[in-house]
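Since the structure is predicted, the reported quantities are computational estimates derived from the model, not experimental observations.
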Amino acid sequence: MSEETNEEINTIAEFMEKLNKVKEFVKYRILKKNKYTIDLFYRGHSNKTYKLVPSIERVSNEIHFNVCALEEALINKAKNEYPVLFSETDNPLDLLVKLQHYGIPTRLLDITANPLVALYFACEDKNNPKNNDEDGEVFIIGNQYETYFDNIFYHDIAKYMGRSDFLSANKITLEVFFMEILSRNKHITTDIDKYITNNYGEDAILKMINGLYFIYPPRLFERLYLQQGHFILFLNDYEYDKINKIINNHQFISPIPKDYKNIIARYIIPAESKKHLLEELKMLNITESTLFHDDVDKVCKNIVADFKGRYGR
């Protein structure tokens with residue numbers, strides 16, 4: 001991790017200065033290894049106590065509901081209510097992206113390729129205004145971009161990890177896990193097989209299910225484009241018994257530790273600096289209206305609020 005971790009941001013100028021340092025650090029690391037490119041992503045929390053965990057896990061904790069059963073029930077309910085919108089023909093990742101867009105909890109965690117968007121969300125929380133009086137937090141997250149196969153694995157995670165019957169048995173062998181998640185018969189698995197062969201079989205499978213999965217989604221909605229949105233896809237937790245080669249599945253999802261290897265830096269946004277930062281962001285056209293321009297209700301409410309701010313007494 002960078003030495004920039006946990007410093008405060010009070011102005012956009014400070015933020016940009018730190019970003020430049022991080023990019024130089026990343027560039028040096030790439031040149032040193034001369035193997036991978038590193039994509040930088042950002043996430044902003046309005047409350048620094050928040051964890052890096054997807055919404056499906058947060059909701060399951062609130063209502064004390066099994067995360068897999070909850071996910072399956074929500075998806076089935078959404079498909080039943082809006083069969084045209086949430087179609088059976090959607091590929092699994094696109095379905096999760098749609099659900100996330102419309103506010104259904106999923107195993108996707110929102111991130112952005114635009115640091116100023118993350119800064120905005122660290123300063124402003126319309127859903128929970130109390131957080132505007134709390135210190136926020138901005139994360140810089142690196143994806144070591146190494147393509148060894150396409151989205152086959154990602155789609156299978158999206159489809160099968162939330163299927164309650166798949167996890168109904170607590171323990172399955174590594175081979176069964178592999179067959180169920182990594183090599184569905186309907187897929188052409190040449191790239192996966194080649195990768196596993198070249199990376200020592202079992203270790204390759206464990207590497208794949210231990211990593212973070214960064215999703216580069218198609219721009220299905222205007223908001224994804226406006227916010228330069230991307231996602232991290234989460235697997236369910238598991239334990240692996242190397243002696244018996246058994247995977248013990250859990251029906252919950254753990255947060256990404258804030259000192260995880262992919263977290264290049266994180267910065268605290270003091271509560272007293274949020275208002276000033278939002279004013280600076282407004283000058284750069286980073287506002288709720290521009291980030292949620294496809295939400296007519298929000299845009300119209302902001303038009304009224306802007307007039308009140310300009311001409312109110």
Do you know the tightest heavy-atom contact between [X] and [Y]?
| X | Y | result |
| --- | --- | --- |
| Ala158 | Pro92 | CB-CB, 3.7 Å |
| Leu99 | Ala78 | CD2-CB, 3.7 Å |
| Cys123 | Lys274 | O-CD, 3.5 Å |
| Phe121 | Gly44 | CB-O, 3.9 Å |
| Leu95 | Lys79 | CD2-CE, 3.7 Å |
| Leu291 | Arg223 | O-CG, 3.5 Å |

Which word best sums up how the rings of Phe221 and His101 line up, parallel for under 30°, tilted for 30 to 60°, or perpendicular for over 60°?
-> parallel
What class does the angle between the rings of Tyr216 and Phe41 fall in, given that below 30° is parallel, 30 to 60° is tilted and above 60° is perpendicular?
-> perpendicular
Would you say [X]'s side chain and [Y]'s backbone share a donor-acceptor pair under 3.5 angstrom?
| X | Y | result |
| --- | --- | --- |
| Glu57 | Ile253 | yes |
| Asn20 | Met16 | yes |
| Asn143 | Phe214 | no |
| Asn76 | Glu72 | yes |
| Asn131 | Ser46 | no |
| Asn61 | Arg58 | no |

So, taking the atom named [atom1] in [X] and the one named [atom2] in [Y], what distance separates them when rounded to the nearest 0.5 Å?
| X | Y | atom1 | atom2 | answer |
| --- | --- | --- | --- | --- |
| Leu226 | Ser289 | CG | OG | 11.0 Å |
| Leu278 | Ile286 | CG | CD1 | 11.5 Å |
| Ile141 | Ile111 | CD1 | CD1 | 5.5 Å |
| Thr112 | Tyr42 | OG1 | OH | 9.0 Å |
| Leu19 | Ile9 | CG | CD1 | 7.5 Å |
| His276 | Glu280 | NE2 | CD | 3.5 Å |

Could you give me the CA-CA distance, side-chain angles and deciding distance for Val138 and Arg266, then say whether side-chain contact (heavy atoms from CB on, under 4.5 Å) is met?
-> CA-CA 5 Å; Val138 171; Arg266 76 179 193 267; over 6 Å; no
Within a radius of less than 6.0 Å around OH of Tyr82, do more than 12 heavy atoms belonging to other residues, nucleotides or ligands occur?
-> no
With the threshold set at 4.0 Å, does a side-chain nitrogen-carboxylate oxygen contact exist between [X] and [Y]?
| X | Y | result |
| --- | --- | --- |
| Glu81 | Lys77 | yes |
| Glu134 | Lys48 | no |
| Glu7 | Lys18 | yes |

Determine whether the side chains of [X] and [Y] contain a donor N or O and an acceptor N or O closer than 3.5 Å.
| X | Y | result |
| --- | --- | --- |
| Tyr225 | Asp294 | no |
| Asn285 | Thr290 | no |
| Gln227 | Asn114 | no |
| Asp125 | Asn128 | no |

Answer yes or no: is there a side-chain heavy-atom contact under 4.5 Å between [X] and [Y]?
| X | Y | answer |
| --- | --- | --- |
| Lys258 | Ile263 | no |
| Phe139 | Leu52 | yes |
| Leu119 | Leu277 | yes |
| Leu109 | Arg43 | yes |
| Asn10 | Glu8 | yes |
| Phe15 | Leu116 | yes |
| Thr106 | Pro54 | no |
| Ile215 | His230 | no |

Flag yes if [X] and [Y] sit in one hydrophobic cluster, no otherwise; membership is Ile, Leu, Val, Met, Phe, Trp, Tyr, and two members link when side-chain heavy atoms are under 4.5 Å apart.
| X | Y | answer |
| --- | --- | --- |
| Ile56 | Tyr50 | no |
| Phe252 | Phe234 | no |
| Leu235 | Val97 | yes |

Mind running side-chain contact (heavy atoms from CB on, under 4.5 Å) on Ser55 and Gln100 for me, showing each step along the way?
-> CA-CA 9 Å; Ser55 54; Gln100 185 89 342; 4.0 Å; yes
Step-by-step side-chain contact (heavy atoms from CB on, under 4.5 Å) determination, Leu108 to Leu233 = CA-CA 5 Å; Leu108 297 177; Leu233 176 66; 3.7 Å; yes
With side-chain contact (heavy atoms from CB on, under 4.5 Å) as the test, would you mind laying out the steps for Leu93 and Phe231 before giving the verdict?
-> CA-CA 10 Å; Leu93 276 179; Phe231 304 99; over 6 Å; no
